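A note on names: the letters A, B, ... follow the listed sequences, proteins ahead of strands, and every chain is numbered from 1. Note that this is a predicted model, so its numbers are computed, not measured.
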2 protein chains.
Amino acid sequence: MKISKKTDYALRALFTLVQQYSQGRPISIGQLARRNDVPKRFLERIMLEMKVKGWVTSVMGKQGGYVLAKSPEEITVGQVIRHFDGVLSPIGCVSVHQYERCNQEVACRFRRLFLEVRNHTTGLMDAATLARVNDGKPVQPEEVYSMDLIGGAGI
Amino acid sequence: MKISKKTDYALRALFTLVQQYSQGRPISIGQLARRNDVPKRFLERIMLEMKVKGWVTSVMGKQGGYVLAKSPEEITVGQVIRHFDGVLSPIGCVSVHQYERCNQEVACRFRRLFLEVRNHTTGLMDAATLARVNDGKPVQPEEVYSMDLIGGAGI
DNA sequence: CTATGTACGATTCGACAAGTCGTATATTAA
DNA sequence: TTAATATACGACTTGTCGAATCGTACATAG
Ligand code: SF4
Ligand code: SF4
């Protein structure tokens, strides 16, 4: 499951809105774009999609902008990824929403591996509400490399 | 991390070779293609890449074909995916082999989520030798849906 | 010496990610 | 009232990549 820029940008904007949530004042597209390093016109598209989804609302006119439409506990990262990137499964034969049949299924040995990945990933993503994730700490540089010294393989 | 057809085809062929490994006789491209439902000319390309990688060897001439070049314990699914699809990370900022810097890293809240996915995925994939995976059972139809009844979200 | 195989560069074809543009419309401060 | 500041939204561009196909050269067992 590859995360597209679009999804990444959407999440950046959402978390900015979460952090502004208590304050109640809307943030303009311009501000969102600048603070998160996203092309403004592109972000416009993205916010529009999220508005249709009911995650944000917009306030028009001067002093207008965007506000989170739901409480941060009600939106999960999984929902966002699923909307923009379509699917969390690494391959069609273990997907529910976009299942693709494969005639090798009955004999396939490695399908189980993908199923395990999918189960773990969805578990994590669907438990990740904006509220919970926002309370976590940013990743420290060393953490990125931690696994690789063990496996020797990397990434 | 999306699994491409190419990777999937490569794995199908490899596991066929694993199952033939004890026998020592080569299998022709034609047979591999038919048994695994892969376009023949396309598989040709793929086998060639795997030969360069040292995973398989080819025997030319009549009665020729392909044989596994290493023992099934020495090849992991992780290696195969990494070769054909480049990367196991869901996003560049948590990748080691193809790290892409992002200027939001120091403040980013959801990066940790992707790091966790990456860690679990690589752990699984790098522990999955062809031998070990080949000894597992195929997935039963119900298993695909198991998670979704809990999370309510699917995939 | 030919049937049956692999070797390999070149090429096609379509889909999709990422981003841009132009213009219409809404709201409010001055 | 109107200028300034917003969002709304369809159309368009551009590049990359997955997936696959072709043509032809070469190897060797029988
Ligand atoms: S070969 Fe196995 S993993 Fe690949 S699509 Fe078919 S069932 Fe799924
Ligand atoms: S915004 Fe966060 S998750 Fe996205 S690329 Fe930057 S650091 Fe990684």
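Rounding to the nearest 0.5 Å places CZ of A/F110 at 6.5 Å from CZ of B/R12. In this structure, B/Q19 CD and B/L130 CG are separated by 10.5 Å, a value rounded to the nearest 0.5 Å. The line from NE2 of A/H83 to CD1 of A/I81 is 13.0 Å long, rounded to the nearest 0.5 Å.
A side chain to side chain donor-acceptor pair (under 3.5 Å) with A/R82 is found for exactly one of A/T7, A/D126, A/T122, A/T76, namely A/D126.
When the P atom of C/dG19 is taken as reference, atom CG of A/L43 falls 11 Å away, rounded to whole Å. Between the CD1 atom of B/I46 and the C1' atom of C/dC8 there is a distance of 15 Å, given to the nearest Å. With rounding to whole Å, A/E44 atom CD is found 16 Å from D/dT5 atom P. Note: OH (A/Y66) to C1' (D/dA6) measures 9 Å, nearest angstrom. Across the protein-nucleic acid pair, B/M50 atom CE and C/dA7 atom P stand 12 Å apart, rounded to whole Å. Atom CG in B/L48 sits about 13 Å away from atom C1' in D/dC26, given to the nearest Å.
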Listed pairs, N/O of protein and of nucleotides 11-17 of chain D, under 3.5 Å:
none

With 3.5 Å as the limit, what N/O pairs link the protein to nucleotides 16-18 of chain C?
from: C/dA18; atom 1: OP1; to: A/K5; atom 2: N; distance (Å): 3.4
from: C/dA18; atom 1: OP2; to: A/K5; atom 2: N; distance (Å): 3.0

Protein-nucleic acid N or O pairs under 3.5 Å, nucleotides 25-30 of chain C:
none

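Considering only side-chain N and O atoms, A/S58 lies under 4.0 angstrom from the phosphate OP1 or OP2 of D/dA8. A sub-4.0 Å separation between OP1 or OP2 of C/dT6 and a side-chain N or O of B/K51 is absent.
For residues 106-116 of chain B, every residue pair satisfying the side chain to side chain donor-acceptor pair (under 3.5 Å) rule, not counting sequence neighbours, is listed here: A/E143-B/R112. A ring-ring contact (aromatic ring centres under 6.0 Å, His included) check over residues 20-54 of chain B, counting only residues at least two apart or in different chains, returns the pairs B/Y9-B/F42.
Within the 4.5 Å cutoff, side-chain heavy atoms of B/F114 are placed close to those of A/I3.
Counting all heavy atoms, side chain and backbone alike, A/K70 lies closest to A/G54 at CG-O, 3.8 Å. Of all heavy-atom pairs between A/V96 and B/V144, the closest is CG2-O, 4.0 Å.
Contacts between residues 10-35 of chain B and DNA chain C, counted as heavy-atom distances below 4.0 Å, involve B/S28, B/I29.
For B/D37 and A/Q104, the side-chain atoms include no donor-acceptor pair closer than 3.5 Å.
The pair A/E73-A/R132 does not count as a salt bridge, with every side-chain nitrogen at least 4.0 angstrom from each carboxylate oxygen. Using a 4.0 Å cut-off between charged side-chain N and carboxylate O, A/D85 and B/K2 make no salt bridge.
In this structure, the side chain of A/N36 engages the main chain of A/L32 through a donor-acceptor pair within 3.5 Å.
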